[in-house]
Asks: 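Okay, handing you the structure first.
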There are 2 protein chains.
Amino acid sequence: MTRVLVIDDEPSILRALRINLSARQYEVSTAADGTSGLAAVARERPDVLILDLGLPDMEGTEVISGVRGWTSIPIIVLSVWGQESMKVAALDAGADDYVTKPFGMDELLARLRAAVRRSAPAPDEPVVNTGHFTVDLAAKRVTRPDQADVRLTPTEWQILEILVRNRGRLVTQRQLLQEVWGPAYETESNYLRVYLAQLRRKLEPEPSQPRYLLTEPGRGYRFQA
Amino acid sequence: MTRVLVIDDEPSILRALRINLSARQYEVSTAADGTSGLAAVARERPDVLILDLGLPDMEGTEVISGVRGWTSIPIIVLSVWGQESMKVAALDAGADDYVTKPFGMDELLARLRAAVRRSAPAPDEPVVNTGHFTVDLAAKRVTRPDQADVRLTPTEWQILEILVRNRGRLVTQRQLLQEVWGPAYETESNYLRVYLAQLRRKLEPEPSQPRYLLTEPGRGYRFQA
DNA sequence: CGGCGGCGTTAAGGCCTCATCAAGATCATT
DNA sequence: AATGATCTTGATGAGGCCTTAACGCCGCCG
């Protein structure tokens, strides 16, 4: 079942969407302002977000940036007719699609289907299982076979995420340093050694003889699934 | 440079798009009907397709299906206002986005950027197989037929990468030395002998009689696949 | 026939990189 | 302001890679 979160401050629209989407087997939740909307995205992890730009407490682009900061779920934006500059700003901020109010329910549903379809193949394997641990790229979580969560610090997760997204491929030290710490740290390969050691201690069955987080001396690191 | 193909039968729109897109550093090509449009997609492999639904010879959805049959490039659809059912059909047929005529150029450009951004991650580098080993340039990895990794040092890989990228062609000693060690080492052909010997030992079935890493006496080396 | 230059092979030493540990600095939270 | 977690930084030993040199082989040419 596809989960849809609607962020809109007009009760009539919320009700209409809730009825129509529920009837089509979507699982609908709602929020009435940007603050609670952002919280709801983080809490409920919906599959699609429908966002009204005219919220009482925040700019629409702020909400979009807030969501895009950590996830790439499709965002469909709603706004009143004629505000083309807002459309542009919203799309550039990272929205995926745009519907003008008043809108036909058929069009919204079609765009919803298209958005879900597009996002489906993008994270083409959001969960990677190694036998000793499971990495869920969408949920940003690592779990052991006994369902226990592995606690990772933000930096640890960033490194692991890059390696897992490039699983099988060699990732150079420069690439890792650049993506995690920024271009100025390209030579600080010391950082990588420290963090790879920590990741191995938390993930590898035998940290001193890594099976998954492999070092390619002088070249970089590789995640082997 | 991003290549855009526009399929539209109205000369004025074609001209407007060509001018505006070219000015923004897009590479623009055009087609005036569905048949030639499909041919152009296959021939030119554009990065994005802008498609008018009101073509003289084919239904818009037919064109979309024809493209979607073999590629997943982003498709942005144009249509006149009010034809909501066509929008719906186009999105369901596999279009990625939709713009209503008359449209503002800013909006179209924003949607274009969004479409390109969504489809961005698709750089595929070649994999070269010799029968005795496989070189994966993207993963920076060499494997044997039994899936075993071949461990290469950074310098070994650099040399192999240059030779494989120029497979079939002669690579001069000077070129290799310059690219791996820098211009100051142009005469140190000794290095090459040492490293070619190591590569052959690791890769060739019969290191003393190379089949893949061939020496062209006095000139350089060549990778034969 | 003998010298010469280019190539392949091998081995040893120096140096660089990696893994690991630990302590100080910084950040977030209360 | 204090506490705990996280990040940064430095030091150390071990291992591997790069460099360098030596030697034998082969073909070419005087």
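Labels below follow one simple rule: chain letters A, B, ... track the order of the sequence lines, proteins then strands, and each chain is numbered from 1. This is a predicted model, so every value here is computed, not measured.
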Asks: So which of Thr130(A), Leu214(A), Leu213(A) actually passes side chain to side chain contact (heavy atoms under 4.5 Å, CB included) with Gln224(A)?
Replies: Leu214(A)
Asks: Keeping Lys202(B) on the side-chain end and Leu152(B) on the backbone end, is there a donor-acceptor pair under 3.5 Å?
Replies: no
Asks: Could you check how far CG of Leu214(A) sits from P of dT17(C), rounded to whole Å?
Replies: 21 Å
Asks: Are Trp181(B) and dC18(D) close enough that a side-chain N or O sits under 4.0 Å from OP1 or OP2?
Replies: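 The answer is no; no side-chain N or O of Trp181(B) sits under 4.0 Å from OP1 or OP2.
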Asks: To the nearest angstrom, how far is Lys202(A) atom NZ from dA5(D) atom P?
Replies: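 It works out to 11 Å between those atoms.
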Asks: Rounded to the Å, how far apart are Arg151(B) CZ and dG15(D) P?
Replies: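 To the nearest whole Å, that distance equals 14 Å.
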Asks: Rounded off to whole Å, could you give me the OH-to-P distance for the Tyr195(A) and dT20(C) pair?
Replies: 16 Å
Asks: Given dC18(D), is OP1 or OP2 found less than 4.0 Å from the side-chain N or O atoms of Tyr191(B)?
Replies: no
Asks: Which whole-number value in Å describes the distance from Trp157(B) CH2 to dC17(D) C1'?
Replies: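 Taking CH2 of Trp157(B) and C1' of dC17(D), I get 18 Å after rounding.
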Asks: Using whole Å, what does the distance between atom P of nucleotide dC7(D) and atom CG of Leu199(A) come to?
Replies: 11 Å
Asks: Can you confirm whether the side chains of Thr172(B) and Arg219(B) place a donor and an acceptor under 3.5 Å from each other?
Replies: no
Asks: What is the distance, rounded to the nearest whole Å, between atom CD of Glu188(B) and atom P of dT19(D)?
Replies: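 Going from CD in Glu188(B) over to P in dT19(D) covers 9 Å.
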Asks: Nearest-Å distance, CD (Gln158(B)) to P (dC17(D))?
Replies: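 Going from Gln158(B) (CD) to dC17(D) (P), I get 14 Å.
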Asks: Aromatic ring centroids of Tyr212(A) and Phe133(A) under 6.0 Å?
Replies: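 Between Phe133(A) and Tyr212(A), which both carry aromatic rings, the centre distance is below 6.0 Å.
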Asks: Look at Arg3(A) together with Asp47(A) and state whether they make a salt bridge at an N to O cut-off of under 4.0 Å.
Replies: yes
Asks: Does a side chain donor of either Thr143(A) or Asp149(A) reach within less than 3.5 Å of an acceptor in the other side chain?
Replies: no
Asks: Nucleotide by nucleotide, 5' to 3', does protein get under 4.0 Å of the base (B), only the sugar-phosphate (S), or neither (-) in nucleotides 5-15 of chain C, counting heavy atoms?
Replies: -SBBBB-----
